[in-house]
Every structure is written in C-alpha cells, then in structure tokens.
Amino acid sequence: MPRTAIIGGGARGIGRCLVRRFLERGYRVFVFDIDGEELKHTAGTHLKKYSDSGALVSAICNLRDVEDIRAKVKQAAEFLGGRVDVLINNGGIAAPKWKDGKTMADPATLAEWQAYVETNLTAPFALSQACVPYMAAPNAAAGPGSVPGDEKGTSSADLNEDKDVEDHPTNRAGRPEDIADAVEYLVNAGFVTGQDITVDGGALIKKS
Ligand SMILES: NC(=O)c1ccc[n+]([C@@H]2O[C@H](COP(=O)([O-])OP(=O)(O)OC[C@H]3O[C@@H](n4cnc5c(N)ncnc54)[C@H](O)[C@@H]3O)[C@@H](O)[C@H]2O)c1
C-alpha cells in the first residue's frame, strides 16, 4: 500500500519541490494552498502525470482558517485511504521588514503580526491536530536558511549571488532540494523524533 502525505503550502517554492519528491518516492500526496493559480499550475501542468494517475490531489485551503483546515484534512484523509503517514507544515509567510517602511510603533503593523502568528504558528498546530487521528507517529523538522524558489527551468546555480556565498560557509544559498533531503531523511529515520534540524548552509553559526 503506498504511503501518504499531506503538504501544506505546496503550490510553489520549497513546498512544490517537496510534493514532487514525495510523488517520485511513490507516495500519494494531498496538497493544500491558498494560491489557486499556482496550485493549478503545480497539479495540472508541472505534476500533471501524477494527477492523471490519481497519486496527486490538491485543494484550496486558507491555513488561517481553522474550520477550513479541518474540513480539508477530512477530505484529504478520505482520498488517502484514512491514513496520513507524513504531514509537512510548509505553508508560511516571511518578510524581513514591516510593509511600506513602517516600524513596530505604527499600530497598523498589528495586522501583519496577526497574519504571521496565524499562518506560521497557529496553522501548523491546527493542521497537526487535525491530522493526528489519521497518523501513527509524527516527526518534525524546522528552519530553513535562505532558499530561492522552485521555478521550472531555473538552475539553482544561476540564482547564487555574491551575498549567498558570503552568508553561507557552504558558498551557496539553499536549494528546495536541500530541504526535501532533510524532510526525506526525517520521515525515514525511525529512531529520530522531536528534533529541530537546521538546514541553512551554516548561516546561523556564521552570524553568532
Ligand atoms: N525560502 C527561504 O529562504 C525560507 C527561509 C526560512 C523559512 N522559510 C519558510 O519555508 C516555507 C517555504 O518557503 P518558500 O520560500 O517556498 O515560500 P513561498 O512563499 O514560495 O511558499 C509558501 C507557500 O505557502 C502558501 N501560503 C501562504 N499563506 C497561506 C495560507 N494562509 N493558506 C494556505 N497557503 C498559504 C503560499 O501560497 C505559498 O504557496 C515557508 O513557510 C517559509 O516561511 C523559507
């Protein structure tokens, strides 16, 4: 029986690379994302052969809406035969600065704060909680360093800039495949659990 995975935020970037990796490994995969256009491209064009074979299904889901998460997990679990082997909480938002040059002193930044907390903190909890009844034993990984997107036809080497070389002792920015390697390792490492695995080319160590 094929193993099964739910991947949140899987329509583009690292998430799409993870979707591809798990499909290549023979998993049945259900993808959530809020971005309908990217989702359509990923499931209907980029990974069409897996959609056609019935290994891949996707649904629009707003990870900031707990009721939506619960309904979509139920739908996914039905597609996956009532069993979720792997959940990847990849969906998220990140920006190094407040929008429009604002500072924390501006009350308008509270809405951005709430978006961060709901998307990056509450959503993984709610998604994990909804999946628990369908899982045997969850594993976890966290903290990618700087990773450019998963665009078709663009080699990661082309995206490497001087600053990437400067920031990373590995002399390059991360690749979505680096995250997929770590996730795949964790999923298959039966005696490793509850660990934060830092996949950042040494960037954090260099900063400290
Ligand atoms: N790329 C990096 O360098 C880097 C570094 C540190 C952390 N991360 C985190 O890793 C994850 C993937 O990074 P990425 O660069 O591929 O990001 P990305 O922005 O390209 O992809 C994130 C995906 O999450 C989806 N998403 C966002 N909000 C959502 C919502 N409310 N509901 C459903 N889907 C939603 C987006 O539509 C998108 O498809 C993100 O959580 C990001 O914050 C990335």
Minimum heavy-atom distance [X]-[Y], with the two atoms named:
| X | Y | answer |
| --- | --- | --- |
| Gly26 | Pro2 | O-CB, 3.5 Å |
| Arg28 | Gly54 | NH2-O, 3.4 Å |
| Asn120 | Pro124 | O-CG, 3.4 Å |
| Tyr116 | Ala95 | OH-N, 2.8 Å |
| Cys17 | Glu177 | SG-N, 3.7 Å |
| Val86 | Tyr27 | CG2-CE2, 3.8 Å |

If you define the side chain from C-beta out and look only at heavy atoms, does anything of [X] sit under 4.5 Å from [Y]?
| X | Y | answer |
| --- | --- | --- |
| Phe32 | Leu127 | yes |
| Leu39 | Ile60 | yes |
| Val183 | Asp181 | no |
| Asp106 | Trp98 | no |
| Ser128 | Leu87 | yes |
| Phe125 | Thr122 | no |
| Ile69 | Cys61 | yes |

Working to the nearest 0.5 angstrom, can you tell me the gap between [X] [atom1] and [Y] [atom2]?
| X | Y | atom1 | atom2 | answer |
| --- | --- | --- | --- | --- |
| Thr4 | Phe79 | OG1 | CZ | 9.5 Å |
| Ile7 | Asn89 | CD1 | CG | 11.0 Å |
| Leu56 | Arg20 | CG | CZ | 12.5 Å |
| Tyr134 | Asp85 | OH | CG | 14.0 Å |
| Gln195 | Thr198 | CD | OG1 | 10.5 Å |
| Ile14 | Arg21 | CD1 | CZ | 12.5 Å |

Do the charged groups of [X] and [Y] touch, with an N to O distance under 4.0 Å?
| X | Y | answer |
| --- | --- | --- |
| Asp68 | Arg70 | no |
| Arg16 | Glu38 | yes |
| Arg25 | Glu184 | yes |
| Asp167 | Lys207 | no |

Report, as yes or no, whether the 6.0 Å neighbourhood of atom [atom1] on [X] holds more than 12 heavy atoms from other residues, nucleotides or ligands.
| X | atom1 | result |
| --- | --- | --- |
| Asp162 | CG | no |
| Lys74 | NZ | no |
| Lys102 | NZ | yes |
| Leu110 | CG | yes |
| Tyr185 | OH | no |
| Trp113 | CH2 | no |

Arg12-His41 side chain donor-acceptor pair, cut-off 3.5 Å: no
[X] side-chain N/O to [Y] backbone N/O, donor-acceptor pair under 3.5 Å:
| X | Y | value |
| --- | --- | --- |
| Lys72 | Asn62 | no |
| Glu112 | Lys99 | yes |
| Ser51 | Ala43 | yes |
| Asp35 | Ala11 | no |

Candidate pair Leu186 and Val192, rule side-chain contact (heavy atoms from CB on, under 4.5 Å), full reasoning: CA-CA 7 Å; Leu186 258 191; Val192 179; 3.8 Å; yes
side-chain contact (heavy atoms from CB on, under 4.5 Å) evaluation trace for Arg3 with Phe22: CA-CA 9 Å; Arg3 300 193 80 203; Phe22 278 79; over 6 Å; no
Candidates Asp178, Asp200, Asp164 - the one meeting salt bridge (charged side-chain N to carboxylate O under 4.0 Å, His left out) with Arg172: Asp178
Ile6 and Ile88: CA distance, side-chain angles, deciding distance, side-chain contact (heavy atoms from CB on, under 4.5 Å) verdict: CA-CA 6 Å; Ile6 291 179; Ile88 304 178; over 6 Å; no
ILVMFWY network linking Ile34 to Val19, side-chain heavy atoms under 4.5 angstrom: no
Single-linkage hydrophobic cluster Ile197~Val187, side-chain heavy atoms < 4.5 angstrom: yes
Steps toward side-chain contact (heavy atoms from CB on, under 4.5 Å) verdict (Arg83, Met1): CA-CA 11 Å; Arg83 206 187 72 248; Met1 200 169 170; 3.4 Å; yes
